[in-house]
Amino acid sequence: MAKNTNVKNLCDRELLEKILSIVEEKAKSPENTHPAGSNCLYDNKTLMAKLGIKDKYLKKLRDNGYLGYSREGDKYWYTQADVDRFLRRFHYEDFASDIVHQE
């Protein structure tokens with residue numbers, strides 16, 4: 001009975017090591033650093049760099065209700081869902097694509 005337990009533990013360990021190696025490879029790949037729908041969390045500095053905006057404009061977006069956020073003390077936090085919602089709300093379709101296709 002002890003031999004079966006050792007074999008089972010060895011198989012479980014090998015399986016766990018294989019799973020961990022796959023997860024580590026996925027985490028290292030550049031296209032999967034922030035997959036769509038992930039739970040990324042940004043502070044002011046990170047979000048300003050990501051959007052290429054200044055602090056006053058970020059404050060204006062918050063104050064006017066265009067960008068959702070969470071606040072703890074004097075720290076503001078933005079989820080990826082907040083950012084995606086903001087970008088979808090102010091997304092405009094290109095109007096010149098029909099001109100290019102007609103030529």
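Only this structure's heavy atoms are used, side chains among them; waters, hydrogens and symmetry mates stay out.
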**Message:** side-chain contact (heavy atoms from CB on, under 4.5 Å), that's the test. Do Y69 and L47 meet it? Break it down for me.
**Reply:** CA-CA 11 Å; Y69 63 93; L47 189 60; over 6 Å; no
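In this structure L41 satisfies the side-chain contact (heavy atoms from CB on, under 4.5 Å) test together with W77, T79, sequence neighbours excluded. In this structure, D74 has no side-chain hydrogen bond (donor to acceptor under 3.5 Å, both in side chains) partners at least two apart in sequence or on a different chain. Evaluation of the salt bridge (Lys or Arg N to Asp or Glu O under 4.0 Å) rule for K45 yields no partner, not counting sequence neighbours. Legend: residues meeting side-chain contact (heavy atoms from CB on, under 4.5 Å) with R89, ordered by chain and number and at least two apart, are Y66. Here E93 pairs with H91 under the side-chain hydrogen bond (donor to acceptor under 3.5 Å, both in side chains) rule; sequence neighbours left out. Residues forming a side-chain hydrogen bond (donor to acceptor under 3.5 Å, both in side chains) with K60 (at least two apart in sequence, or on another chain): none. Y57 meets the ring-ring contact (aromatic ring centres under 6.0 Å, His included) test with no other residue; sequence neighbours excluded. Applying the side-chain contact (heavy atoms from CB on, under 4.5 Å) rule to K54 yields no partners; only residues at least two apart in sequence or on another chain are considered.
The line from OH of Y42 to CG of L58 is 13.0 Å long, rounded to the nearest 0.5 Å. Note: L67 CG to Y76 OH = 11.5 Å, rounded to the nearest 0.5 Å.
Residues D55 and N44 fail the side-chain proximity criterion, which asks for heavy atoms closer than 4.5 Å. By the 4.5 Å heavy-atom criterion applied to side chains, L61 and F90 are not counted as neighbours.
Judged by distance alone, the side chain of R71 and the main-chain N or O of G73 form a donor-acceptor pair under 3.5 Å.
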